[in-house]
Amino acid sequence: MGKGSGYGKVILFGEHFVVHGVPGIVSATDAKTDSEVKKTAQVITITDERKGSKGYAEEKKLQQIESIQRMLKAMGMNPQTSMSIWIGGDLPGFSGLGASAASSVAIARAISEEFGLNLPDERINEVAYEAEKAYAGNPSGIDNTAATFGGFMWFKKNTAGGPDFVERISIREPVEIVICSTGKVANTKAMVEGVAERKKQNPQKYDPMFKRAEEIAAEGKKALETGDIKKVGELMNENHTILQGIEVSSKELDLLVDIARKEGALGAKLTGGGGGGCMVALTPGKELQEKVASAMEKEGFQVLRTKVGVQKQ
Ligand code: MEV
């Protein structure tokens, strides 16, 4: 049997803009998706035991099948190769947390082990990028890069097609965050396509927001590196405003952002593809984290208490 894992991720700055070559800042989560793969005689079977949003696995089923076929092709294997695939782990199947990329990396690693391919991490990342196309259409590569390598990073897609630019970010001390799921499964592909279409139709409105997103990422990196957490929060709030501007937020996401800010979070924004999915709030200190997280739980939402900036083990 082959085994593999992939990290989840939370984007602090730059989702959507990153698809178009604007830099983004992403942190892998401690929570991971695990996979086990066994050669079998007949067909491909998938057993998905991830916990998470109701309906996540069912809604993503077709994209998941396509992603595995893309993955096998990218590995130089027959897309019909028979095997049983199990997926589980402690990363919840919430939209926005990079669950698809985490599962692609986990499965690619497990297949590589079971079929003796010995793929290095760089190849696993490329294979997972191909698999991500099934979920995101035109992905930036930020999710699969975080899922493969883990840690905290600055990511800039190479829109000319060469290697992406990835730089590790180190912050003075890991900071508590709260991730909260709207409970709504989002279609990242439709969200990414929608932004591209509206940007093309309305450059006068979209270009200044893209320019500001680029500045926010750079200012965010500086604030993280110098430990100016208050500034990081302010920039997250501004980032949420421009995500609303490009029409990827939703009333549930805006509600969660409002609750987080009211409870004292230094900043809050949607994270990931939006249109449902998750919100992230910056809540330094266990006490503030607990206050924000429990306020959301009281409203019936599922939360994840974690940190950004934890160095990879
Ligand atoms: C999804 O986690 C992030 C998006 O920017 C898509 C991508 O970068 O591939 C919406």
Side-chain angles (χ1 to χ4, degrees), residues 6-29 31 33 52-53 56 60 63 67 70 91-105 125-149 152-159 161 164-166 177 179 181-182 184-199 206 209-210 213-214 216-217 220 236 239-240 242-250 253 269-280 304 308:
Y7 296 98
K9 66 92 189 42
V10 54
I11 296 179
L12 282 193
F13 297 107
E15 48 276 275
H16 282 291
F17 302 102
V18 79
V19 171
H20 303 267
V22 169
I25 296 181
V26 63
S27 175
T29 60
T33 295
S53 302
Y56 179 86
K60 300 274 171 180
Q63 293 180 341
S67 80
R70 283 179 170 276
L91 180 73
F94 294 160
S95 292
L97 271 194
S100 61
S103 70
S104 296
V105 167
N125 192 29
E126 285 168 8
V127 166
Y129 177 71
E130 280 306 307
E132 268 296 277
K133 290 181 181 168
Y135 295 103
N138 173 30
S140 64
I142 194 169
D143 288 15
N144 48 277
T145 303
T148 304
F149 299 105
F152 201 13
M153 57 181 81
W154 166 268
F155 176 95
K156 186 170 172 12
K157 178 186 171 111
N158 185 338
T159 45
D164 301 316
F165 181 78
V166 180
I177 57 169
I179 295 167
S181 171
T182 57
K184 288 216 162 158
V185 181
N187 184 336
T188 309
K189 191 172 175 197
M191 300 306 290
V192 168
E193 282 169 1
V195 173
E197 185 54 34
R198 291 189 292 278
K199 181 179 188 307
Y206 273 64
M209 292 193 282
F210 272 67
E214 184 144 17
I216 288 176
M236 285 171 68
N239 197 162
H240 186 70
I242 54 173
L243 286 163
Q244 288 172 316
I246 63 168
E247 295 173 47
V248 294
S249 193
S250 68
L253 284 164
K269 61 183 272 293
L270 73 85
T271 185
C278 288
M279 179 253 18
V280 57
L304 193 69
V308 287

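Just so it is clear, the model here is predicted, and its values are computed rather than measured. Numbering of ligands and ligand atoms starts at 1, following listing order.
- Each of the following atoms of ligand 1 lies closer than 4.0 Å to a heavy atom of Ile142: 8 (O).
- Looking at Thr188 next to ligand 1, no N or O pair under 3.5 Å apart turns up.
- With rounding to the nearest 0.5 angstrom, the CD atom of Glu193 is 11.0 Å from the CZ atom of Arg198.
- Checking Leu304, Val26, Val280, Ile25 one by one against Val10, the side-chain contact (heavy atoms from CB on, under 4.5 Å) holds for a single residue, Val280.
- The two residues Ser249 and Leu253 have their closest heavy-atom pair at OG-CB, 3.6 Å.
- Judged purely by distance below 3.5 Å, without hydrogens or angles, the side chains of Asn144 and Asn125 pair a donor atom with an acceptor atom.
- Protein heavy atom closest to atom 3 (C) of ligand 1, with residue, atom name and distance, is Ile11 CD1, 3.8 Å.
- Distances below 4.0 Å separate heavy atoms of Val19 from the following atoms of ligand 1: 5 (O), 6 (C), 7 (C), 8 (O).
- Short contacts between ligand 1 and Pro139, defined as distances under 4.0 Å to a heavy atom of the residue, involve ligand atoms 9 (O).
- Taken from OG1 in Thr148 to NZ in Lys9, the straight-line distance is 13.0 Å, to the nearest 0.5 Å.
- Below 4.0 Å from some heavy atom of Glu15 lie the following atoms of ligand 1, by number and element: 5 (O).
- In terms of protein heavy-atom proximity, atom 5 (O) of ligand 1 is nearest to His16 N, 2.9 Å.
- For Lys9, every heavy-atom contact with ligand 1 shorter than 4.0 Å involves the side chain, none the backbone.
- Partners of Lys156 under the side-chain contact (heavy atoms from CB on, under 4.5 Å) rule, at least two apart in sequence or in another chain, are Pro23, Phe165.
- Side-chain atoms of Ser140 never come within 3.5 Å of backbone atoms of Val18 as a donor-acceptor pair (strictly under, hydrogens ignored).
- Close approach to Gly272 involves these atoms of ligand 1, each under 4.0 Å from a residue heavy atom: 2 (O).
- The residue from Ser140, Gly273, Ala186 that puts a heavy atom closest to atom 9 (O) of ligand 1 is Ser140.
- Atom numbering of ligand 1 starts at 1 in the shown order; those under 4.0 Å from a heavy atom of Val18 are 5 (O), 8 (O).
- Here's the thing with Asp143: one of its N/O atoms is less than 3.5 angstrom from an N/O atom of ligand 1.
- Judged purely by atom type and a 3.5 angstrom limit, His16 uses its side chain to pair as donor or acceptor with the backbone of Gly273.
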